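Numbered from 1 within each chain, the chains take letters A, B, ... in sequence-line order. Note that this is a predicted model, so its numbers are computed, not measured.
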Amino acid sequence: MAFWLMKSEPDEVSIDDLAAAPDRILPWFGVRNYQARNFMRDTMRIGDLAFFYHSGCAEPGIAGICEVCSEPYPDATQFVAVDPYFDPKSKPEQPRWWLRDVRFVKKTPYLTLAELRSYPELANMRLLARGNRLSITPVSDAEWAFITEQLMEQQ
DNA sequence: GCCAACGTTGGC
DNA sequence: GCCAACGTTGGC
């Protein structure tokens with residue numbers, strides 16, 4: 001099993017939105033970056049766990065954990081002409097953008113970006129790399145263990 | 001295949 | 001709202 005970090009703007013889809021969705025499942029729509037798409041389409045497996053990260057908000061940070069729960073399938077928004085994620089170059093017979101569903105696992109203590117940056121154990125975390133903009137990044141076993149066991153279990 | 005121009009992300 | 005960093009596009 002692999003671990004991931006997936007960014008979402010909470011104004012669009014937050015951890016609470018995922019928790020409130022039918023069956024607590026939502027498609028991870030809107031990814032329009034090839035590297036992030038490849039992670040989602042080719043590398044992820046059902047059962048992988050991901051940090052649900054809130055970006056583009058007053059205090060960005062990890063808000064919870066979700067689980068990859070479907071095989072990849074085409075992102076429907078790419079074909080909808082009035083959709084913000086419409087891609088006129090993508091054809092239904094050869095979709096460019098793929099996604100998977102994720103299922104709510106739990107909310108966690110909110111770990112801000114600033115706090116994450118303060119731990120030497122996370123110095124090499126992809127999220128924290130200079131200029132990183134990727135919306136889906138791998139998380140190492142050690143990083144996952146440190147965050148879930150050391151940072152989220154404290155009272 | 002190079003690279004300038006442009007658009008986007010995302011923290012601040 | 002600003003701007004650094006990065007990805008994509010398209011002319012050559």
Side-chain angles (χ1 to χ4, degrees), chain A residues 2-21 26-44 48-68 70 72-140 142-144 146-148 150-152 154:
Chain A
F3 302 111
W4 305 92
L5 182 141
M6 302 172 76
K7 297 180 185 175
S8 179
E9 298 190 11
D11 285 351
E12 189 167 20
V13 181
S14 70
I15 187 75
D16 290 325
D17 294 329
L18 181 59
L26 287 174
W28 201 264
F29 65 91
V31 168
R32 295 295 180 269
N33 168 282
Y34 290 105
Q35 204 175 344
R37 178 206 65 183
N38 291 346
F39 280 143
M40 192 155 46
R41 186 189 62 182
D42 306 331
T43 315
M44 280 182 176
D48 283 0
L49 294 176
F51 292 127
F52 193 116
Y53 179 90
H54 285 178
S55 67
C57 53
E59 194 144 51
I62 294 172
I65 292 174
C66 60
E67 175 186 10
V68 176
S70 82
Y73 63 96
D75 181 341
T77 62
Q78 70 193 302
F79 304 122
V80 180
V82 297
D83 194 282
Y85 293 112
F86 177 60
D87 182 350
K89 294 180 180 172
S90 184
K91 301 300 166 209
E93 61 274 18
Q94 196 172 0
R96 181 180 290 196
W97 305 113
W98 296 69
L99 53 67
R100 291 177 188 249
D101 291 340
V102 299
R103 179 188 295 120
F104 177 86
V105 173
K106 62 178 177 179
K107 289 183 77 168
T108 63
Y110 199 79
L111 297 175
T112 67
L113 179 61
E115 183 180 352
L116 294 171
R117 284 194 193 285
S118 74
Y119 299 107
E121 291 89 341
L122 302 179
N124 295 322
M125 200 174 174
R126 189 80 173 267
L127 170 75
L128 307 180
R130 184 168 176 266
N132 170 63
R133 296 189 331 190
L134 257 190
S135 63
I136 298 178
T137 50
V139 173
S140 75
E143 291 159 354
W144 184 272
F146 178 75
I147 293 172
T148 57
Q150 304 300 317
L151 306 185
M152 292 177 170
Q154 296 173 0

> Does A:Pro109 have any side-chain contact (heavy atoms from CB on, under 4.5 Å) partners at least two apart in sequence or in another chain, and if so, which?
Replying inline: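 For A:Pro109 the side-chain contact (heavy atoms from CB on, under 4.5 Å) partners, ignoring immediate neighbours, are A:Met152.
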> For A:Thr112, which residues count as a side-chain contact (heavy atoms from CB on, under 4.5 Å) partner, sequence neighbours excluded?
Replying inline: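 With neighbours one apart ignored, the set is A:Glu59, A:Tyr110, A:Ala114, A:Glu115.
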Under the side chain to side chain donor-acceptor pair (under 3.5 Å) test, residues paired with [X] that sit two or more places apart:
{"X": "A:Arg32", "result": "A:Asp75, A:Thr77"}
{"X": "A:Lys107", "result": "A:Asp16"}
{"X": "A:Ser90", "result": "A:Gln78"}

>> By nearest heavy atom, map A:Lys89 and A:Asn33 onto DNA chain C; which one lands nearer the 5' end?
In response: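 Its nearest nucleotide lies further toward 5', so the answer is A:Asn33.
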> What string of B, S and - do you get for nucleotides 5-12 of chain B, 5' to 3', if B is base contact, S is sugar-phosphate-only contact and - is no contact with any protein heavy atom under 4.0 Å?
Replying inline: --BBBSS-
